[in-house]
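Right, one structure below, let's go through it.
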Amino acid sequence: MIISLLMIGLVLSGGFAWYMETKRSGQAKFIALLATLVLGFSFTLYIVTSPDSFADLVLLTNVTWISVFNIRYMIALDNLSNLLLILTFILTVVAILISWREITHRQGFYYFNLLTTIAGIIGVFTAVDMFLFFFFWEVMLLPMTALIAIWGHENRQFAAIKFFIFTQVSSLLMLIAIIMMAFLHKQQVGQLSFAYEDWLTLTLTADYSYYLMLGFFIAFAVKLPSFPVHSWLPDAHTQAPTAGSVLLAGILLKTGAYGLIRFVIVLFPQASAEFAPIAAVLALISILYGAKMAFAQTDFKRLVAYSSISHMGFVMLALFAFNANAFQGAVITLVAHGLSSAALFAFAGMIYARIHSRDLRQMGGFWRSSPVMGGFALAFAAAAFGMPGLANFIGEFYSLIGAFQRFPLITILAALGIIGSAIYGMLLFQSSFQGPVKNSFIDLSIREGFIAASLFIFLLVLGLFPNLVLQYSYNGGL
Amino acid sequence: MLLSLLPFYPLISFLLIVLLKKQLSWWQTSVLSVGAMLICAITSLVLLNTLNQAPDGVITSHLWRWFSLSDGDSFASVNFSFYLDALSAVMICVVSCVGFLIHLFAAVYMKEDENFSRFMAYMNLFIVAMLILVLADNLVLLYLGWEGVGLCSFLLIGFWYQEKANVLAARKAFIVTRIGDTSMAIGLFMLFNSLGSVNIVEVNELATAQWQVGNNDAYWICLLLLGGAVGKSAQLPLQTWLPDAMAGPTPVSALIHAATMVTAGVYLIARMNGLFILSPQVMNYVAWIGASTLLLAGFAALVQSDIKRVLAYSTMSQIGYMMLALGAGAWSAGIFHLMTHAFFKALLFLTAGAIIYALHHQQNIFKMGGVLKRLPFESGLFIIGLICLMALPGTSGFFSKEAIIAHLWSSPTAGQALWWCAILGALLTSIYSCRLFFIAFLSKERFSHQVENLSSVGLKISLITLAVLSLVGGFLAPDLSTVFAKASQEVSHMVEPQWLHAVAIATPIIGIVFSWFYFSKYRSVEPMNYQKAEQNQNPIVRFCFSGLGFDRLYEILLIKPFVAIARLNKRDVVDQLVMSLTWYIGLWRDVLVYSQNGLMRWYAAAFAIGLVCFIGGWLL
């Protein structure tokens with residue numbers, strides 16, 4: 001029930017913010033922030049006090065939705081979804097705070113879209129009826145497209161459409177796979193079922209399951225994103241408003257990884273084992289190609305966007321290694337990348353607010369006027385290139401050490417991504433904060449300092465005490 | 001208890017300086033950072049002392065469990081734990097004592113800099129990372145320290161970040177060492193994969209128990225770890241970053257790029273001796289890398305014009321000696337040389353820094369001259385540093401370098417050829433030292449302005465202490481027999497010629513005599529054309545000057561292609577392919593729009609052609 005209340009609460013507060021827009025538009029952000037904090041806090045309270053250990057999926061709600069097709073409203077939680085939900089709430093607070101000054105146009109509608117996206121994401125992380133999952137998958141997509149299309153930068157329409165089409169086309173493949181699975185269930189059991197738990201009991205023949213697996217895989221690979229279907233991401237990230245980029249990088253990409261873990265690997269173990277070498281090669285190409293493309297960019301946000309592709313490659317490589325260490329690595333990387341890339345996008349937004357440019361060639365020597373900002377930028381760049389002591393290192397290290405046992409050669413090549421990340425990380429930090437002074441501006445405000453400091457503390461604590469997360473980590477069907 | 005606190009003193013100082021930056025005066029910042037180092041140095045000496053009484057000669061300290069790696073059914077924990085044995089004890093003493101003296105010097109030297117507190121904070125942070133590196137009980141924690149010192153080195157090289165050249169030097173240092181680090185990380189993955197542990201003691205024991213000498217896994221792991229070591233220690237083929245790293249302030253060059261960080265590679269190999277001993281082939285590579293680096297750096301040092309670059313190349317060449325020692329299985333001698341080198345090279349850099357400061361940031365030796373008369377105190381100390389570097393009998397460098405050279409001839413993993421390399425290296429060392437001394441310190445002064453002497457008690461204390469350590473350091477030889485007990489090779493009973501030691505001792509003196517005559521023009525008081533000497537166009541000289549062309553080679557082989565590919569594909573060819581779909585769809589749209597033109601005759605014609613095709617197809 002709690003999850004449904006969370007989603008309803010978010011949508012209602014969004015609606016309220018929209019309604020208030022015509023009366024007192026300045027209050028929308030307070031409504032959104034308050035709603036997120038209250039809901040996030042009550043969710044955390046719920047899991048802390050809950051008697052369940054959430055080691056396996058705990059079914060919270062099970063109501064019939066469309067009885068003709070046996071489609072049910074089923075919501076369940078386990079540690080993996082809890083972890084991702086907490087990350088979602090943290091980043092939502094960040095996203096609202098980062099929009100505080102940036103959004104001045106149609107504020108109420110903006111926060112409505114933001115909160116509805118979050119509601120959809122929460123649904124994606126908790127739905128265990130596949131039709132419901134698909135429904136939420138679409139719910140999170142539409143308001144996100146609106147965020148990009150209305151509040152984005154100069155080329156926003158194009159980016160929004162590209163984002164929409166990529167995701168939509170790939171999710172149609174998933175829809176076909178979902179319907180086929182339901183029919184398979186009818187063949188084997190006698191009635192249609194979209195329930196995840198029911199699907200786990202199906203016996204799949206090899207030829208079917210490979211194509212069904214691919215249907216899911218492609219949808220999630222686009223979302224992750226993986227080479228060669230990554231190209232929506234740089235455009236969407238670059239053109240989205242700062243909060244949009246934070247949400248995209250921080251959470252939306254994670255829905256792809258979540259789907260791979262929850263559905264592709266668990267529902268189709270044989271087919272994904274068969275497919276693993278191809279996935280690993282795609283992951284390797286994503287890592288190296290992403291790092292190389294990041295180096296070539298001159299746009300701050302585009303550079304971070306390509307670095308996300310590189311980082312998510314590590315996740316995919318780890319997931320398809322079917323190894324306990326690698327799996328832990330994938331989970332930690334999800335959280336760590338969520339925090340660090342969100343932080344880097346937030347910095348892109350802060351710099352944009354000051355110099356009205358994202359062009360690295362027009363930046364330089366920021367350290368002189370804003371040393372605090374420089375210190376944090378360095379810390380986040382260091383997190384991105386895997387400095388030990390910060391969370392991303394734990395993720396990369398686990399992923400690679402685990403993947404090495406299954407794909408030694410691919411892992412050795414993937415490790416070259418460590419060099420690549422140092423190259424683009426240095427480029428990003430040095431061309432904005434070092435070098436001859438080209439711009440001077442005021443240092444971080446208290447609000448911005450709060451965002452940066454809290455993200456950094458999360459990264460540091462996870463980097464030094466990763467067991468805080470790892471002890472809850474879901475075992476990925478191993 | 002004492003052990004676990006060691007890295008926290010500088011860490012606390014770092015945090016306080018960073019948080020209170022604006023409120024602290026010069027005096028407070030200095031007391032904080034130098035005081036933390038003093039406590040560190042005292043603690044290290046106390047620890048060294050208690051280590052003698054400790055059972056097994058080991059002190060450990062467990063802080064918390066970092067994470068654990070699953071290895072089939074069991075778990076290998078990776079802890080934040082410190083491990084102190086004779087080897088790490090020597091290292092922490094060098095790091096914290098030399099570190100303390102350099103901090104003391106830096107507090108005076110950098111006083112005028114507007115970012116003084118940032119500088120001291122970075123220096124403290126560096127010490128934290130270095131202590132973690134040295135004390136780590138497992139390779140992952142060591143890697144944390146390893147990356148940490150790399151980051152601090154990057155920050156300090158680029159300390160004066162507004163100069164483009166410094167920024168590039170910092171980037172180069174970071175990326176080149178990162179290449180080595182990656183090789184080390186892959187080595188770690190391989191190590192865990194085959195032994196199921198990353199704990200240093202366990203790895204050394206398991207490797208000895210499970211593997212025969214010459215094992216293939218051991219070979220690859222050692223080779224990959226060696227990759228990390230050559231990156232950090234600026235050895236061939238990853239040596240190119242060190243001369244450029246001299247862009248940082250001089251205390252940084254003394255602390256990071258001479259005394260401590262660059263010797264981390266030597267420490268790594270010594271630490272993993274149980275593994276390296278299983279792979280004589282890699283030991284042989286280590287020796288050859290050391291020997292070729294020491295010769296390369298020696299030749300490059302012969303022709304440099306910047307005093308700090310001469311010292312940088314000389315550091316490379318001395319680390320080459322340490323590598324050579326490790327490769328030859330002379331573990332103790334290698335670490336001994338690491339220690340004495342830290343003393344005399346820190347002394348050389350700091351005095352060079354004092355001289356550079358006095359001459360208003362003049363680093364070009366051709367524009368110095370006659371420094372001996374103008375700055376007798378500094379020059380005296382510099383001479384002490386140089387005689388240690390040349391290894392004249394009685395100095396600390398003599399004991400450690402002779403210990404290395406003595407091992408080479410009959411070592412199974414080294415041999416006579418390497419012995420000759422070492423001798424040639426010693427000759428080069430004494431020649432470039434003399435050249436540096438003649439050009440910069442003798443002859444007539446070639447600068448016009450007043451010297452601006454740094455006179456401060458703290459500065460003198462630190463310089464004199466280092467000078468004393470350099471002179472008597474030879475009698476402080478650490479006893480490392482417990483650490484390297486297993487790794488000490490059986491001494492082969494090859495008969496060594498009688499003249500070996502005589503030659504080794506005589507070499508530096510031959511070098512001095514040779515230089516005295518060959519470089520007589522530099523020390524003469526008669527005016528000569530230094531401009532011409534500096535811009536010597538002899539191709540061989542230019543080639544040596546550029547560090548034997550490695551920078552150029554890497555630029556052509558690696559950097560240019562990488563940048564070119566990146567530039568070429570800036571628009572992302574995959575995206576272009578995907579977006580060509582839109583062009584295709586747009587094309588069809590245009591065709592269809594054109595056909596829907598509302599003209600009846602077009603429709604009639606289309607209808608007729610369609611009918612003909614349809615009937616034709618049906619009939620045929």
Using non-hydrogen atoms and a limit below 4.5 Å, what part of residues 392-400 of chain A faces chain B? A:F393, A:I394, A:F397, A:Y398, A:L400
Applying a criterion of heavy atom separation less than 4.5 Å, what residues of residues 410-418 of chain A form contacts with chain B? A:I412, A:A415, A:L416, A:I418
Quick one: [atom1] on [X] to [atom2] on [Y], what's the gap to the nearest 0.5 Å?
{"X": "A:L464", "Y": "B:L144", "atom1": "CG", "atom2": "CG", "result": "7.5 Å"}
{"X": "A:M387", "Y": "B:L151", "atom1": "CE", "atom2": "CG", "result": "4.0 Å"}
{"X": "A:Q430", "Y": "B:F154", "atom1": "CD", "atom2": "CZ", "result": "4.0 Å"}
{"X": "B:S68", "Y": "A:Q328", "atom1": "OG", "atom2": "CD", "result": "8.0 Å"}
{"X": "B:K172", "Y": "A:M426", "atom1": "NZ", "atom2": "CE", "result": "15.5 Å"}
{"X": "A:I419", "Y": "B:D181", "atom1": "CD1", "atom2": "CG", "result": "9.0 Å"}

Between [X] and chain A, with a heavy-atom cut-off of 4.5 Å, which part of the residue counts as in contact: side chain, backbone, both or neither?
{"X": "B:V578", "answer": "side chain"}
{"X": "B:L168", "answer": "neither"}
{"X": "B:R65", "answer": "both"}
{"X": "B:W64", "answer": "side chain"}
{"X": "B:V78", "answer": "neither"}
{"X": "B:E163", "answer": "neither"}
{"X": "B:M579", "answer": "side chain"}

Honestly, the part of A:L378 sitting under 4.5 Å from a heavy atom of chain B is side chain
Any chance you could lay out the side-chain contact (heavy atoms from CB on, under 4.5 Å) test for A:Y289 and B:V573, step after step, and finish with the verdict? CA-CA 11 Å; A:Y289 192 74; B:V573 65; 3.8 Å; yes
Can we call the ring centroids of A:F385 and B:F174 under 6.0 Å apart? yes
Shortest non-hydrogen contact from [X] toward [Y]:
{"X": "A:A422", "Y": "B:R178", "result": "CB-NH1, 3.3 Å"}
{"X": "B:S70", "Y": "A:A324", "result": "OG-CB, 3.6 Å"}
{"X": "A:G389", "Y": "B:W66", "result": "N-CZ2, 4.3 Å"}
{"X": "B:F67", "Y": "A:P466", "result": "CB-CG, 3.8 Å"}

Among A:N467, A:T298, A:V229, which residue forms the greatest number of heavy-atom pairs with chain B at distances under 4.5 Å? A:N467
Within the side chain of A:W367, is there an N or O that forms a donor-acceptor pair under 3.5 Å with the backbone of B:Q162? no
Counting distance only, does the side-chain N/O of A:N325 pair as donor-acceptor with the main-chain N or O of B:L69 below 3.5 Å?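 Absent.
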A:L427 versus B:R171: any side-chain heavy-atom pair under 4.5 Å?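 A side-chain contact under 4.5 Å exists here.
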Given side-chain contact (heavy atoms from CB on, under 4.5 Å), test B:R571 with A:M293 step by step and report yes or no. CA-CA 9 Å; B:R571 300 282 307 277; A:M293 287 305 297; over 6 Å; no
Any chance you could lay out the ring pair (Phe, Tyr, Trp, His ring centres under 6.0 Å) test for A:F295 and B:F562, step after step, and finish with the verdict? CA-CA 10 Å; A:F295 168 73; B:F562 184 79; 5.0 Å; yes
If we count only N and O atoms by modelled type, under 3.5 Å, do the side chains of A:H230 and B:D572 hold a donor and an acceptor together? yes
